[in-house]
There are 2 protein chains.
Amino acid sequence: MRVVPELPRKDHGGRNLSTFLSTYSNKVDRKGRVSVPAAYRAALSGASFQGVIAYPSLTDLAIESFGREMLERMNQERLSRSMEGGAFEEVLLGGGNDSVVETVMAMAHELPFDGEGRIILPAALCEHAGIDDRAVFVGRGSRFQIWAPEPYAKRQADEVAKFRQRLNGGGAS
Amino acid sequence: MRVVPELPRKDHGGRNLSTFLSTYSNKVDRKGRVSVPAAYRAALSGASFQGVIAYPSLTDLAIESFGREMLERMNQERLSRSMEGGAFEEVLLGGGNDSVVETVMAMAHELPFDGEGRIILPAALCEHAGIDDRAVFVGRGSRFQIWAPEPYAKRQADEVAKFRQRLNGGGAS
DNA sequence: TGGGTATATATGGGTGTCAATGGGAACAGA
DNA sequence: TCTGTTCCCATTGACACCCATATATACCCA
């Protein structure tokens, strides 16, 4: 498939916005490399940093991921607020252990694309997600996740079952 | 890993902004030298002062750190606030005994990079953080921390546990 | 509409280069 | 002279970059 380099879209604030769609299962080679789906790469093609940010999900056995812009934006917003609000203690000491942003920053990895559009999955992340030799990329809109095949299949089935039950009180036909 | 010299990014005020990401554990050699992670150095590569500012955290057994630009920006912001607010006493006599900024300034060290991108951790800081022969660099967005391995592992686990509980009232599924 | 060809994606592997680290020589201050 | 600091060079292991291949599909042309 040939994927078109995707024109950058803007959100309300005039910032770039990438959308990740669909699910892909790719091979992890013996060096720990895995191809990021071309469609995802196309969504990030306008970004200054060619690669992704990845961190362990706090709720799932999966890796959470998005473009660097997302982090950058959170970081800037946070710092500006503190500075302009005169909250210098926050700048110097941090938000204490109450800040999700700071926790995620510490666990996040910057994964640049190689010439072929692959990334290297750090051992810590693979371990968290139980990823061995296959990685499933799951588009979640402004984010995507990376799962090991089996846990994802299970999770997917659970999600579907749950919604089916909620929507029509039992099996769709 | 080869780290790209990182293009300087600007925040709202048109100032440079560096983002510190990820966690790295580096060796402290017998001379007290530690390599600052290449990614952090890249984030500071545009700065006029090649090195970092470091001071003991007032809330954790850790060292807090960032580039000199951050200090200057904070000072400037603080000064303008005082001036514009007509708080000339503060400018001339200091913010009184409750000024975190001034307390931190006094405890801060300027640590220049050597040719290999290492810094020397002052004994006082090492002692405060309990650092012996390993230093863990923890990215917190606009700043980073330096911890001894064991206390950081504990702290990290605490943070994650707390957010997990807040998010779904229990462990990952 | 069908077939053929070009191209991009996903993948595998080799190698030069850089980051992290260690040690020694030059140097300054006490 | 002795101690501590700064600069320089050597080592090694990881990985960034290069090239090479197969498969699928987009596109062209008859």
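All chains are named by letter (A, B, ...) in the order of the sequence lines, taking the proteins before the strands, and each is independently numbered beginning at 1.
Computed from coordinates, the B:D133 CG to C:dT21 P distance equals 11 Å when rounded to whole Å. Distance, B:K27 NZ to D:dT12 P: 16 Å, rounded to whole Å. In this entry the distance linking CD1 of A:I120 with P of C:dA10 reads 17 Å, nearest Å. To the nearest angstrom, P of C:dG22 lies 10 Å from CG of B:N26. Rounded to whole angstrom, the span from the CD1 atom of A:I119 across to the P atom of C:dA10 amounts to 12 Å. Regarding A:D29, its CG atom lies at a distance of 12 Å from the C1' atom of D:dC15, rounded to whole Å. At whole-Å resolution of the value, CD in B:Q50 and P in D:dC7 are 14 Å apart. Regarding A:D114, its CG atom lies at a distance of 14 Å from the C1' atom of C:dG14, rounded to whole Å.
For D:dC19, its base sits under 3.5 Å from the side chain of A:E116 at one donor and acceptor pair at least.
The residue A:P112 sits apart from the nucleic acid: no heavy atom pair falls under 4.0 Å. Within 4.0 Å of B:V36, counting heavy atoms only, lie sugar-phosphate atoms of the nucleic acid but no base atom.
Between B:R30 and C:dG23 there is a side-chain polar atom (N or O) within less than 4.0 angstrom of OP1 or OP2. Remark: B:R33 is not in phosphate contact with D:dG4, judged by side-chain N or O atoms under 4.0 Å from OP1 or OP2.
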- request: Evaluate the side-chain contact (heavy atoms from CB on, under 4.5 Å) criterion for residues A:V104 and A:M74: first the C-alpha distance (whole Å), next the side-chain angles of each, then the deciding distance (0.1 Å), finally the verdict.
  value: CA-CA 11 Å; A:V104 168; A:M74 270 194 289; over 6 Å; no
query: Stepwise, does the side-chain contact (heavy atoms from CB on, under 4.5 Å) test hold for A:M70 with A:R143?
result: CA-CA 9 Å; A:M70 185 79 75; A:R143 235 174 3 127; 5.9 Å; no
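Distance from the side chain of A:R118 is smallest to D:dC18 among C:dT9, D:dC18, C:dT21.
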Which protein N or O atoms sit under 3.5 Å from an N or O of nucleotides 25-30 of chain C?
none

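The shortest heavy-atom contact between B:P56 and B:H128 is CB-CD2, 3.6 Å.
A donor-acceptor pair under 3.5 Å is formed between the side chain of B:S22 and the backbone N or O of A:A108. In terms of modelled atom types and a separation under 3.5 Å, the side chain of A:S57 and the main chain of A:I63 share no donor-acceptor contact.
The pair B:E159-B:R155 meets the salt-bridge criterion, with a side-chain N (NZ, NE, NH1 or NH2) lying under 4.0 Å from an Asp/Glu carboxylate O.
Ring geometry, B:Y152 versus B:W147: the interplanar angle falls from 30° to 60°, so the pair is classed tilted.
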